[in-house]
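Input: a single structure, listed below in structure tokens.
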Number of protein chains: 2
Amino acid sequence: MAQAIPIRKNSPLKASCHECSLSNLCLPLAVEENDLERLEDIVQQGRIFNRGEHIFDQSTPFRSCFAVKSGSIKTSIITEGGEEQVTGFFMPGELVGLDSMSGETYACTAKALERTSVCEFPIEKLEELTGKMPELQHHMYHLMSQEIQNSHQLAMLLSKNTAEERIAALLLSLSSRFQRRRLSPTNFSLPMARNDIANFLGLAVETVSRVFTRFQNQGLIRARGREVELLDVEALQTVTREFSRQGCQ
Amino acid sequence: MAQAIPIRKNSPLKASCHECSLSNLCLPLAVEENDLERLEDIVQQGRIFNRGEHIFDQSTPFRSCFAVKSGSIKTSIITEGGEEQVTGFFMPGELVGLDSMSGETYACTAKALERTSVCEFPIEKLEELTGKMPELQHHMYHLMSQEIQNSHQLAMLLSKNTAEERIAALLLSLSSRFQRRRLSPTNFSLPMARNDIANFLGLAVETVSRVFTRFQNQGLIRARGREVELLDVEALQTVTREFSRQGCQ
DNA sequence: CGACACCTTGAGAGTCGTCAATTGGTGTGG
DNA sequence: CCACACCAATTGACGACTCTCAAGGTGTCG
């Protein structure tokens, strides 16, 4: 069991939703001071995980949802056969654990892909709070609904698209998520290994690798290890839509 | 636009959550009379759709979630290219529209696969009600979370499993959903066409057809058109797990 | 510098999609 | 009542994308 981290009683952490640069992404609230404070009351901030550490584990009791403050998280399901299936990547401002709200235990395992800090929302307190704050409740519905849609999009990608289309879509998704945080949308470092990408997209590692080099040869991207530069975003967007046409060259 | 269906003011419909055989599936509540009545107050019951009719359309304003009373519903997304992607099948007792709670418009189109009756939950009233009833709110979280998990399961199926495994999984899923309604889990009629199955599972129609006949030849099922009989449920379950082993057969 | 994990590249095989033709069931109209 | 059209489902042949297996390359950390 993880050593309990002592929570400072009157810590400066408590006030930081106010200052958090992600407050508009994570659980945005009307700018009423009052509301934000009530949220801060239940949040446990500043938990930090090193690369590879687990934020929570599949089949252990479900206690909290987590918002990513910095770093990134990979969620995955371990099947009976022991195989891993990556179900998502979570970047700063995104909420992890929404898929676990239907059972006593976590539905997946969450692992830090790099040094990652999170805010913890104990589920009981969160539910209690959303019961009192219609806007917060609405936002929870919004987030969960969004997650369903994302998952449907992923299913579409997996069921209908080629390896190139899947990878182009992932790159563009990451790009727009970096952009949302006011980081460069064309020049970033992948937080996950090729293996994770392959697993997530339902491909073999070798295929991912081949597509990366193919994209590079076509001048769409420049990639060195995890460093990626998108050279031709439009072309990538075309790739993701290409499958609906007939004769791709 | 659909002609508004006149709602009878003091209709006998209003009381029927009490009598609905699906009340334990749809939005189960503690057996407090009071609670159930408040739910009934906001539900519009008894809307009936013929086969092929749309319950709602993608990109039209999102107003309500719908519970299936009888019949069945197919949801699908139409891509920019005009392609259809089936995202789910909904049977009696299941709630449709949860993926649309994050936007102004429906995220998908819902179509009746047969003559289907539904209960309508106007979203504004539902949110208002869940704000007052912690148990109902909890159940909404539960349902949405479940939907996320289902979608992840689907993504897993699509990304890692063969055609046989996908179809076996679908048959077993339908089986258990029939069973939950106290219908035969081994002898039922598919509400959807082969085409829909194929689309949903990311396969070609021809492949679905081939797998059906293969299963039939192996004595796992008996199928004539949409009538299906599961002859060897255990074998089907084995098929769905088979992929995690090495040498199948 | 060596061990190790990660990534890349190559060759061959298999599953499934595409194209095409046939069958079966259903509804319409003569 | 039968003929025809139409659509859903089936079956076969071929081709392609991607997986598997195998080896080589690159980077990192002790």
Side-chain angles (χ1 to χ4, degrees), chain A residues 50-52 74 83-86 111 113-115 157-168 189-218 221-228 239 242-249, chain B residues 50-52 74 83-86 113-114 157-168 170 189-217 221-228 239 242-249:
Chain A
N50 287 316
R51 173 185 173 144
K74 166 185 96 172
E83 301 236 330
E84 179 181 24
Q85 162 71 22
V86 176
K111 196 172 178 177
L113 287 170
E114 53 197 314
R115 193 171 170 80
L157 208 61
L158 295 173
S159 75
K160 294 229 186 331
N161 296 28
T162 67
E164 297 199 352
E165 287 153 3
R166 298 183 204 182
I167 291 176
S189 158
L190 299 172
M192 72 292 279
R194 296 282 189 278
N195 217 343
D196 293 326
I197 295 179
N199 188 309
F200 180 63
L201 295 178
L203 300 169
V205 198
E206 296 92 328
T207 306
V208 174
S209 199
R210 278 187 254 269
V211 172
F212 266 83
T213 55
R214 215 176 302 160
F215 279 171
Q216 188 149 229
N217 292 338
Q218 294 170 347
I221 67 172
R222 246 168 49 87
R224 258 193 75 75
R226 297 194 176 183
E227 293 303 320
V228 174
V239 171
E242 202 66 32
F243 80 100
S244 54
R245 317 263 159 75
Q246 38 266 54
C248 348
Q249 46 163 333
Chain B
N50 287 316
R51 173 186 173 141
K74 166 184 96 173
E83 302 236 329
E84 179 181 22
Q85 162 70 24
V86 176
L113 288 170
E114 53 196 314
L157 208 62
L158 295 173
S159 75
K160 294 230 185 331
N161 296 28
T162 66
E164 297 199 351
E165 288 153 3
R166 298 183 205 182
I167 291 177
L170 177 63
S189 156
L190 299 172
M192 72 293 279
R194 295 282 190 278
N195 216 344
D196 293 326
I197 296 179
N199 189 309
F200 180 62
L201 295 178
L203 299 169
V205 198
E206 295 92 329
T207 305
V208 174
S209 201
R210 278 187 255 269
V211 172
F212 266 82
T213 53
R214 215 176 303 160
F215 279 172
Q216 189 151 226
N217 293 337
I221 66 171
R222 245 169 51 86
R224 258 194 76 73
R226 296 195 176 184
E227 294 303 319
V228 173
V239 172
E242 203 67 31
F243 81 101
S244 53
R245 318 263 160 76
Q246 36 266 56
C248 339
Q249 52 157 338

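Fair warning: this is a prediction, and the values are worked out from it, not measured in the lab.
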Show me the protein contacts with nucleotides 23-28 of chain C, counting only N or O atoms at under 3.5 Å.
from	atom 1	to	atom 2	distance (Å)
C:dG25	OP1	B:R224	NH2	3.0

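In this structure, CZ of A:R51 is placed 11 Å from P of D:dT28, rounded to the nearest angstrom. The separation between A:R226 atom CZ and C:dC7 atom C1' is 11 Å, rounded to whole Å. Rounding to whole angstrom units, CE of residue B:M192 and C1' of D:dA8 are separated by 15 Å. As a whole-Å value, the separation of A:I167 CD1 from C:dT8 P is 10 Å. In this structure, A:R194 atom CZ and C:dT9 atom P are separated by 11 Å, rounded to whole Å. Put simply, CG on A:N199 is 13 Å from P on C:dC7, counting in whole angstrom units. Atom P of nucleotide D:dT10 and atom CD1 of B:I197 are separated by 9 Å, given to the nearest angstrom. Summarising the geometry, the separation between CG on A:D196 and C1' on C:dC6 is reported as 11 Å, rounded to the nearest angstrom.
Residue B:L170 holds its CG atom at 7.5 Å from CG of B:L190, rounded to the nearest 0.5 Å.
With sequence neighbours excluded, no residue satisfies salt bridge (Lys or Arg N to Asp or Glu O under 4.0 Å) with A:R115. With sequence neighbours left out, the ring pair (Phe, Tyr, Trp, His ring centres under 6.0 Å) criterion links A:F200 to A:F89. Residues passing the side-chain contact (heavy atoms from CB on, under 4.5 Å) test with B:N217: none are found, sequence neighbours excluded. Checked against side-chain hydrogen bond (donor to acceptor under 3.5 Å, both in side chains), A:R226 has no partners two or more places apart in sequence or in another chain. B:R51 is linked by a side-chain hydrogen bond (donor to acceptor under 3.5 Å, both in side chains) to nothing, counting only residues two or more places apart in sequence or in another chain. Partners of B:E84 under the salt bridge (Lys or Arg N to Asp or Glu O under 4.0 Å) rule, at least two apart in sequence or in another chain, are B:K74.
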Run the side-chain donor-acceptor check on residues 203-210 of chain A: report pairs under 3.5 Å with partners two or more places apart or on a different chain.
none

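Using a 4.0 Å cut-off between charged side-chain N and carboxylate O, B:R214 and B:E164 make a salt bridge.
Not one N or O on the side chain of B:E114 forms a donor-acceptor pair closer than 3.5 Å with the backbone of B:P191. Side chain of A:E165 to main chain of A:T162: a donor-acceptor pair is present (N/O by atom type, distance under 3.5 Å, no hydrogens or angles).
Axis angle between the ends of the helix from C:dC1-D:dG30 to C:dG30-D:dC1, five pairs each and rounded to 10 degrees, works out to 30°.
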For this session: Quick one, give me the B/S/- string for nucleotides 11-24 of chain D, reading 5' to 3', where B means a protein heavy atom under 4.0 Å from the base and S means that only happens at the primed atoms, P, OP1 or OP2.
Result: BBB----SSBBB--

